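Note: hydrogens, waters and symmetry copies are ignored here, and every other heavy atom, side chains too, is used. Along the sequence shown, residues carry numbers from 1. Keep in mind that this is a model prediction, so the values were computed, not measured.
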Amino acid sequence: MIDLGALGDAFSLLFSSFQPWMVVVPGLIIGLLFGSVPGLQTSMAMAVFLPATLGMDFLSALLFLTAIFTGGMFGGGVSAILMNIPGTSSAVATTFDGFPMARSGRPSEALGIALGASTVGTAFGYMTLLLLIEPLTSVVLKLGPTEMFVVILWGLTLIAALRGKFMARSILAGTMGLLIGTIGMSPNAVIRGTMGSPFLLDGVPVIPAMIGMFAASELFSIAGGGYLVDSKDKNSISLKRILSGIGEALRMPVTLLRGSVYGVLIGAIPGVGSSVANLVSYGDAHRRAGSPDSFGKGDPRGIAASESANSSSEGGGMVALFALGIPGGAGTAVLLAAFSMHNITGGPRFLSEQTDIVYAVILANIVQALLLLFVGIFLMHLMSSVVKVPLRILIPSVLVLATFGAFGLTGTMAGPITLLVFALFGWLLRKYEYSVAAAVIGLLLGNMAEGELLRSFQISGGNFDYVWSRPITLGLFVLLILSLFLPWVMARLQKRVRRRIEHSSHE
């Protein structure tokens with residue numbers, strides 16, 4: 001599976017000169033800082049620094065941009081844990097247990113778990129890519145819109161898994177998110193729900209809406225307190241506790257491995273990527289947990305599952321870029337632009353003719369994962385000092401920062417207005433105990449699911465029998481059904497066994 005000659009050439013490219021490595025650590029720092037600031041996206045950082053790669057050779061340019069990508073994946077989890085603000089859409093599930101864990105007085109441990117899981121996930125993703133890039137390429141080529149729709153549906157079904165106290169209310173919140181996600185121009189050029197506003201033709205700006213629902217509404221609810229973590233002995237960020245959190249993550253190898261596998265497989269599907277992998281991995285960990293009631297209240301397994309998946313999805317996303325010349329998401333789209341800037345075309349020819357560069361990028365990113373661990377530990381104290389800021393200063397500062405970030409994302413007042421509207425919407429959901437997470441999941445995945453379903457309909461000509469000719473679709477659908485109903489069946493069987501044991505003991 002591995003071309004040993006090309007692998008040797010890759011080692012020569014990387015280690016014959018120190019030049020390619022000079023850009024890696026700055027790239028990681030840029031990604032960490034951009035990812036951890038609400039409203040600043042990793043893809044935005046990559047785009048801002050893309051012109052700087054003109055003066056670099058092609059390999060150095062790719063290493064610099066992938067370092068930003070790697071750092072940003074973890075950086076998004078920092079604000080998710082400390083402020084309940086997913087720095088990227090792929091860190092949504094990290095908020096579910098990361099923020100409660102930080103609020104309960106364990107912010108250092110939560111950050112350590114996220115860093116450990118991100119390191120393992122990134123390394124696993126690229127090692128898998130190194131071993132399986134050719135087989136994965138053939139698998140990705142066989143995935144059509146029906147398969148992608150089932151994978152997205154898997155993410156949408158997490159609405160039921162994340163139901164919280166009221167399942168019906170959670171499903172309703174998810175449905176509202178789905179409907180909001182369909183506002184604007186549909187994939188078949190039908191305009192829906194814009195109320196005549198040109199700003200909504202491209203749909204509701206997802207990132208400002210997500211920040212509004214998660215962050216602003218949460219900040220409203222905690223206003224009036226002293227600090228994010230009230231106890232002074234618990235709000236101090238300790239290197240010892242961060243290292244303890246990293247160790248805690250490494251003591252969950254099965255959770256990390258399963259999350260990393262989800263990340264690679266789902267991340268390899270163009271257009272689906274890390275946000276779906278993050279949710280599917282979290283939902284799977286929730287369903288498999290022996291004590292699922294602890295999820296959503298600061299369970300370390302939730303952080304490990306979500307962070308390992310979104311980090312490993314980076315390696316999976318490279319499959320489509322290297323093998324097909326197709327960007328799997330915003331970050332890989334910027335990488336594709338770097339290809340063009342250096343007059344190189346991605347795709348099967350690039351994979352076959354410049355295998356040494358492909359292997360060099362993969363090997364460098366495995367090393368980047370280890371560097372992320374040290375850079376993350378070094379910068380953690382700076383990034384996590386937010387827990388020491390009084391809420392009377394923190395809340396208005398974060399709201400102002402988020403507002404500027406929302407404006408920067410859209411370039412118009414549509415961003416700040418969206419943030420405000422969805423902050424009120426999120427506050428109402430919290431007040432009446434509806435699931436904010438379900439609404440965000442619906443918003444993130446609804447438009448994507450509609451597009452894949454429409455393409456499936458067009459290809460099949462509206463004939464449902466087309467599905468029976470897609471064995472991969474059927475296999476994915478069976479796995480989806482099993483993952484949903486198997487825990488319920490097992491719980492019923494366990495109750496029945498307990499009743500029989502109790503009945504026999506009474507006799």
Testing the basics here: between Pro416 and Thr412, what is the closest heavy-atom pair and its distance to 0.1 Å? CD-O, 3.5 Å
When you look at Tyr126 and Leu363, which way does the side-chain contact (heavy atoms from CB on, under 4.5 Å) test go after all the steps? CA-CA 8 Å; Tyr126 279 101; Leu363 290 172; over 6 Å; no
Indicate whether the side chain of Thr70 and that of Gln368 have a donor and an acceptor atom separated by less than 3.5 Å. yes
When Val24, Thr66, Leu371, Leu62 are each screened for side-chain contact (heavy atoms from CB on, under 4.5 Å) with Asn365, the one that passes is Thr66
Pairwise distance CD1(Ile81) to CG(Leu111) - rounded to 0.5 angstrom: 4.5 Å
Partner of Tyr282 under side chain to side chain donor-acceptor pair (under 3.5 Å), chosen from Asn310, Thr94, Asp97: Asp97
Can you see which heavy atom on Ala117 is nearest to which on Leu256, and at what distance? CB-CD2, 3.6 Å
Kindly indicate whether the side chain of Met101, heavy atoms from C-beta on, has any atom under 4.5 Å from the side chain of Ile113. yes
Sub-3.5 Å donor-acceptor pair from the side chain of Ser108 to the main-chain atoms of Arg241, do we have one? no
Under the side-chain contact (heavy atoms from CB on, under 4.5 Å) rule, what do Val264 and Leu129 come out as? Steps first, then yes or no, please. CA-CA 8 Å; Val264 171; Leu129 183 63; over 6 Å; no
So, does Ser281 use its side chain to make a donor-acceptor pair with the main chain of Asn278 at under 3.5 Å? no
With a 4.5 Å heavy-atom cut-off, do Ser308 and Val120 have their side chains touching? no
Output, in order, the C-alpha distance, side-chain angles, deciding distance and verdict of side chain to side chain donor-acceptor pair (under 3.5 Å) for Ser60 and Asp57. CA-CA 5 Å; Ser60 297; Asp57 61 83; 3.0 Å; yes
Which is it for Ser311 and Thr122 under the side-chain contact (heavy atoms from CB on, under 4.5 Å) test, yes or no, and what are the steps along the way? CA-CA 5 Å; Ser311 295; Thr122 302; 3.4 Å; yes
Min side-chain heavy-atom separation Phe15-Trp21 under 4.5 Å: yes
Gap between atom NE2 of His286 and atom OG of Ser306 - 0.5 Å precision: 13.0 Å
For Ala304 and Met252, which heavy atoms make the closest approach, and how far apart are they? CB-CE, 3.7 Å
Is a side-chain donor or acceptor of Ser244 paired with a backbone partner of Lys240 at a separation under 3.5 angstrom? no
With rounding to the nearest 0.5 angstrom, report the CZ to CG distance, Phe74 to Leu372. 6.5 Å
Looking at Arg106 and Glu248, is any side-chain nitrogen of the basic one under 4.0 Å from a carboxylate oxygen of the acidic one? yes
Identified side-chain contact (heavy atoms from CB on, under 4.5 Å) counterpart of Leu14 within the set Val367, Leu63, Asp9: Leu63
Looking only at heavy atoms, what is the nearest atom pair of Ala305 and Ala285, with distance? CB-CB, 3.6 Å
Can you classify the ring geometry of Phe422 versus Phe425 as parallel (below 30°), tilted (30 to 60°) or perpendicular (above 60°)? perpendicular
Tell me whether the count of non-hydrogen atoms from other residues, nucleotides or ligands lying under 6.0 Å of CZ in Phe378 goes above 12. no
Calculate, to the nearest 0.5 Å, the distance between atoms CG and OH belonging to Asp284 and Tyr262 respectively. 3.5 Å
Of all heavy-atom pairs between Ala277 and Ala309, which one has the smallest distance, and what is that distance? O-CB, 3.6 Å
Separation between CD1 (Ile303) and OG1 (Thr95), nearest 0.5 Å, reads 10.0 Å
I need the Ile183 CD1 to Leu201 CG distance, nearest 0.5 Å. 11.5 Å
Find out whether Ile377 and Leu243 are in side-chain contact, i.e. whether some heavy atom of one side chain is under 4.5 Å from a heavy atom of the other. yes
May I ask you to test the Leu115-Leu373 pair for a side-chain heavy-atom distance under 4.5 Å? yes
Non-hydrogen atoms of Ser312 and Gly259 that approach each other most closely: OG-O, 3.8 Å
Which residues pass the ring-ring contact (aromatic ring centres under 6.0 Å, His included) test with Phe374, not counting sequence neighbours? none
Answer yes or no: are there more than 12 heavy-atom neighbours, outside Met185 itself, under 6.0 Å from its atom CE? yes
